[in-house]
Asker: 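This is the structure I want to talk about, given as structure tokens.
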Amino acid sequence: MRLYMWGLLALAMACIVTLDSGTRGHTPISSRWNYNEHLFPIFRDQCGSCHIDGGIAPMSLVTYQSAYPWTQSIREEILGLRMPPWQAEDGFGMFRNGHALSARDMDMILEWSSGGYPQGPRDQVPPAPELPADWALGEPGVTLEMPEAFEIDAGTRELVRYFVLPSGTAADAAITAVDLQPGARAVVRSAAVFVDTAGVARQLDDADPAPGFADPEDGAFPSAPPVGVWIPGQAPVRMDGAGYPLPAGSDVVLRVQYKKTWITEGQAFTDQSRVGLYLADGDAAAIDSMLVTSPATVSGREVSFSHDIAGEVTLLSVIPEVDIESSEIQVEAVKPDGSRIPMLWLREPDSGWTSRFWFDAPVSLPEGSRLDITAVLDPGAERMPSTSLLGETAVPIRLAVDYVEGAPAAN
Ligand code: HEC
């Protein structure tokens with residue numbers, strides 16, 4: 001897989017050199033693949049959750065007319081592993097809620113973009129898809145809306161804001177899945193959902209005259225990792241037999257990252273997003289989270305650190321946050337007998353797209369296991385200012401690893 005990718009890269013580089021030395025307007029069609037028959041399904045499924053009219057990305061890729069002016073840029077973003085924004089390598093860990101572009105899809109896009117980007121048969125123009133308006137998992141048990149609309153004024157380019165949504169639940173419950181219906185889809189770049197039992201978010205909200213509150217600089221909130229992380233197009237995952245505790249009457253807190261592109265810059269938006277919570281019907285094992293952190297200062301080319309795990313656990317997902325310039329991060333679980341389980345390999349980590357990676361199969365670890373983390377830093381790597389979903393900014397590399405105690409939950 002890896003060797004193949006490098007081969008592909010070299011091939012693509014060669015193509016770039018050959019083609020760009022000619023006149024772009026007269027690129028002869030040498031691609032075996034065309035848009036209508038071959039590329040459209042890839043763009044629709046891998047890019048279309050964002051690159052669609054009204055979506056979060058600056059241009060649509062789901063019609064030929066809107067996609068073809070971008071062929072050069074598409075090739076660069078794909079070769080740079082910046083698009084699609086899912087940085088986990090498939091095979092080193094497998095995930096339920098997303099995957100990297102397959103080598104075959106990548107191959108087809110590169111050949112099409114450098115081989116004259118043909119449209120294909122005119123009688124096979126695919127119908128332009130629309131942004132889905134329904135909840136992917138069906139109607140949620142509890143739907144909570146932001147109490148007031150929030151205005152993102154024309155002059156603001158990027159902003160993080162928290163909103164308190166009282167759950168109104170009378171009994172203790174367990175959250176098995178979380179989803180979001182963004183209000184202003186063109187600017188809701190990502191979101192996270194927290195459970196607050198201590199009333200901290202309410203106090204912060206009360207102290208701020210506008211709806212919600214800003215990222216508190218003193219780290220007053222969040223004090224625990226989120227129960228839900230949302231990015232356009234990433235499938236929400238529903239747990240079976242396991243859930244995040246939602247004590248009666250607790251507050252649900254929605255964190256929205258608003259971000260404009262050069263298309264939406266200068267426009268004002270109003271957002272009133274909705275959170276969907278799916279609750280367990282019967283008993284559910286409580287999902288807990290362990291915070292794994294690097295040393296406060298890291299330097300050199302390669303940085304390694306470990307985290308000992310207490311007791312027998314089953315790992316369900318991981319949220320990595322990397323705010324130091326680096327090219328890769330690897331996470332492995334190590335059992336007491338020394339056997340290693342690959343869990344996550346992030347390439348070109350991008351703090352702008354913090355995701356939760358749900359393991360395809362939960363990872364059961366006996367007592368005495370540990371996690372080994374290795375990061376490859378850029379030469380002279382510097383910290384990048386960032387905010388944290390995990391309430392932790394003192395150290396440059398941190399992971400929230402979600403688990404249930406004991407053997408795997410029925411899944
Ligand atoms: C989760 C949303 C999302 C997905 C999925 C996604 N993109 Fe993007 N893309 C963006 C956003 C947002 C930008 C604007 C740059 C930024 O603000 O980060 C962008 C920028 C780009 C650009 C550069 C545009 C420019 O302004 O120069 C290209 C090219 C691109 N994407 C191609 C793709 C391709 C090809 C795919 C699928 C294989 C894809 N993207 C999948 C959100 C997405």
Side-chain angles (χ1 to χ4, degrees), residues 5 8 12 16 31 33 35 38-90 95 97-114 117 126 129 131-132 136 152 156-160 179-182 184-192 228-236 256-267 269 346-357 384 386:
M5 297 278 265
L8 202 70
I16 292 173
S31 169
W33 318 118
Y35 185 89
H38 310 110
L39 274 300
F40 169 75
I42 302 176
F43 288 146
R44 179 194 57 204
D45 299 343
Q46 309 299 335
C47 326
S49 54
C50 303
H51 290 274
I52 187 168
D53 278 348
I56 190 75
M59 76 289 191
S60 166
L61 294 177
V62 292
T63 68
Y64 180 73
Q65 281 68 24
S66 52
Y68 85 81
W70 291 95
T71 49
Q72 179 77 23
S73 173
I74 289 170
R75 194 167 45 202
E76 284 163 13
E77 295 297 307
I78 282 180
L79 286 171
L81 303 178
R82 290 184 295 274
M83 284 288 150
W86 173 271
Q87 278 89 32
E89 191 77 12
D90 280 315
F95 308 98
N97 55 322
H99 49 85
L101 210 52
S102 71
R104 184 170 184 275
D105 287 356
M106 199 171 181
D107 199 1
M108 284 170 77
I109 295 178
L110 294 175
E111 182 175 322
W112 174 76
S113 62
S114 60
Y117 39 92
L131 278 166
I152 304 102
T156 304
R157 232 209 112 140
E158 188 173 0
L159 167 82
V160 167
D179 201 1
L180 186 92
Q181 289 280 358
R185 282 170 180 262
V187 289
V188 176
R189 169 77 60 112
S190 72
V229 178
W230 180 91
I231 283 175
Q234 275 185 25
V256 185
Q257 180 203 13
Y258 299 102
K259 193 167 177 186
K260 296 179 188 165
T261 64
W262 50 268
I263 284 288
T264 41
E265 203 170 351
Q267 296 175 37
F269 289 86
L346 281 190
R347 311 267 310 271
E348 305 300 330
D350 182 347
S351 59
W353 293 103
T354 300
S355 297
R356 168 176 273 146
F357 299 91
M384 301 173 286
S386 77

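For ligands, and for the atoms within them, numbers begin at 1 and follow the listed sequence. Every value quoted in this text rests on a predicted model; they were computed, and no experiment measured them. Residue numbers run from 1 in the order of the sequence given.
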Asker: Of all the heavy-atom pairs spanning W33 and H38, show the shortest one and how long it is.
Answerer: CA-ND1, 3.4 Å
Asker: For A67 and I74, which heavy atoms make the closest approach, and how far apart are they?
Answerer: O-CD1, 4.2 Å
Asker: Report yes or no: does W353 have a heavy atom closer than 4.0 Å to ligand 1?
Answerer: yes
Asker: Distance-only, no hydrogens or angles: does the D90 side chain make a donor-acceptor pair with backbone N or O of A100 under 3.5 Å?
Answerer: yes
Asker: Is any NZ, NE, NH1 or NH2 atom of the basic residue among E348 and R82 found under 4.0 Å from an Asp or Glu carboxylate oxygen of the other?
Answerer: no
Asker: What are the atoms of ligand 1, with element, lying closer than 4.0 Å to any heavy atom of W70?
Answerer: 24 (C), 25 (C), 27 (O)
Asker: Judged by atom type as modelled, is there a donor-acceptor pair below 3.5 Å linking the side chain of Y35 to the main-chain atoms of T63?
Answerer: yes
Asker: Nearest protein heavy-atom contact for atom 5 (C) of ligand 1: which residue, which atom, what distance?
Answerer: Q46 O, 3.5 Å
Asker: Mark yes or no for whether S113, through its side chain, and R75, through its backbone, hold a donor-acceptor pair below 3.5 Å.
Answerer: no
Asker: How close do I231 and S355 get, heavy atom to heavy atom, and via which atoms?
Answerer: CD1-OG, 3.2 Å
Asker: Contact between W86 and F95 at the side-chain level, heavy atoms closer than 4.5 Å - yes or no?
Answerer: yes
Asker: Of the side chain and backbone of W262, name the one, both, or neither that has a heavy atom under 4.0 Å from an atom of ligand 1.
Answerer: side chain
Asker: Tell me whether K260 contacts the main-chain N or O of T156 through its side chain, where contact means a donor paired with an acceptor under 3.5 Å.
Answerer: yes
Asker: Need the ligand 1 atom indices (1-based, order shown) with element for anything under 4.0 Å from a heavy-atom of P232.
Answerer: 1 (C)
Asker: For I56, take its heavy atoms, then give the atoms of ligand 1 lying under 4.0 Å from any of them.
Answerer: 12 (C)
Asker: Tell me the protein heavy atom at minimum distance from atom 18 (O) of ligand 1, and give that distance in Å.
Answerer: R189 NH1, 3.4 Å
Asker: For atom 23 (C) of ligand 1, what is the nearest protein heavy atom, given as residue, atom name and distance?
Answerer: S73 OG, 3.7 Å
Asker: Is the count of non-hydrogen atoms from other residues, nucleotides or ligands lying under 6.0 Å from D53 atom CG greater than 12?
Answerer: no
Asker: How are the rings of W112 and Y117 set to each other: parallel, tilted or perpendicular (split at 30° and 60°)?
Answerer: perpendicular
Asker: How close do V62 and G48 get, heavy atom to heavy atom, and via which atoms?
Answerer: CG1-CA, 4.1 Å
Asker: Distance under 4.0 Å to a non-hydrogen atom of I74: what atoms of ligand 1 satisfy this?
Answerer: 29 (C), 35 (C)
Asker: State if G233 counts as touching ligand 1 under the rule of any non-hydrogen atom under 4.0 Å.
Answerer: no
Asker: Compare G48, G352, G55, P58 and give the one whose heavy atom is closest to atom 13 (C) of ligand 1.
Answerer: P58
Asker: Check for me: within less than 2.8 Å of atom 8 (Fe) of ligand 1, which protein N/O/S atoms show up?
Answerer: H51 NE2, M83 SD
Asker: Checking contacts now, so for atom 25 (C) of ligand 1, which I'm interested in, is there any protein heavy atom under 4.0 Å?
Answerer: yes
Asker: May I ask whether Q234 places a heavy atom under 4.0 Å from ligand 1?
Answerer: no
